[in-house]
Amino acid sequence: MSASRMILLGPPGAGKGTQAAGLINRLGIPHVSTGDMLRAAVNAETPVGLKAKAIMDAGELVSDDVVIGIAEERLSEDDAKNGFLLDGFPRTMAQAEALEGLLSKLGVELDCCLAITVDNDAVVERLLKRAEIEGRADDNEETIRERMREYDNKTAPLLDFYTGRGVLTEVDGMGTIDEVEERIKQALEG
Ligand code: AMP
């Protein structure tokens, strides 16, 4: 697998985090999850965390300014020089455009935007199960619906954007973790 600068795209509950863990092991690149970074900021009660908590709990998107700042800082670190797996970023066109600007400033190009596709009912079921296991405050039925709406309205347009850039690869996210992992391997090798 040659891709080393990658975006993992998909609706909440598509299994991005799970598949990211396998990918970073195989590719030896850092996992850059804005959701993880924001949750860490919430737990540490930093100014960003204090601002983001209510928005995240409601299932809405944190403002572009804040998230772009966090992502740019992380991608500028040394360990991201030879590659990274972006998980949960970009989620809006403004974020995608900021990422383009940052990558061109760094003199590198995106290799792949891997989009995991799922059906919505299955996603809600997955998220409710995860809510039980992880106790995430943003995993109740109402916020799940809001997160899906945010995805459809603001993030789904990125599929066309990355198709236009010639880097979109779609993978069916239904099935077992192993099955999806195998499809991803094949998609990246093909
Ligand atoms: P995730 O773990 O990626 O599902 O992210 C959890 C929550 O963090 C999301 O529902 C948003 O409230 C917030 N978040 C994470 N990444 C972003 C982003 N790129 N833009 C806006 N909000 C984000």
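Numbering of ligands and ligand atoms starts at 1, following listing order.
In plain terms, the two heavy atoms of I68 and A94 that are nearest each other are CD1-O, 4.0 Å.
With sequence neighbours excluded, the residues forming a salt bridge (Lys or Arg N to Asp or Glu O under 4.0 Å) with E146 are R149, listed by chain and number. Partners of D36 by salt bridge (Lys or Arg N to Asp or Glu O under 4.0 Å), not counting sequence neighbours, listed by chain and number: R39.
Between E141 and R145 a salt bridge is recorded (basic side-chain N to carboxylate O distance below 4.0 Å).
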Could you go through ligand 1 and note, for every N or O atom, any protein N or O atom closer than 3.5 angstrom, writing the atom names and distance to 0.1 Å, or 'none'?
| residue | atom | partner | partner atom | Å |
| --- | --- | --- | --- | --- |
| ligand 1 | 2 (O) | R39 | NH1 | 2.9 |
| ligand 1 | 2 (O) | R39 | NH2 | 2.9 |
| ligand 1 | 3 (O) | R91 | NH1 | 3.0 |
| ligand 1 | 3 (O) | R91 | NH2 | 3.3 |
| ligand 1 | 4 (O) | R91 | NH2 | 3.1 |
| ligand 1 | 4 (O) | R147 | NH2 | 3.4 |
| ligand 1 | 12 (O) | E60 | O | 2.6 |
| ligand 1 | 16 (N) | T34 | OG1 | 2.8 |
| ligand 1 | 16 (N) | G88 | O | 3.4 |
| ligand 1 | 16 (N) | R91 | NH1 | 3.0 |
| ligand 1 | 19 (N) | G88 | O | 2.9 |
| ligand 1 | 19 (N) | Q95 | OE1 | 2.9 |
| ligand 1 | 20 (N) | Q95 | NE2 | 2.9 |
| ligand 1 | 22 (N) | V62 | N | 3.1 |

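The residue from L86, L168, V167 that alone fulfils the side chain to side chain contact (heavy atoms under 4.5 Å, CB included) condition with I7 is L86.
Among residue pairs with one or both ends in residues 161-176, those qualifying as side-chain hydrogen bond (donor to acceptor under 3.5 Å, both in side chains) are E100-R165; sequence neighbours excluded.
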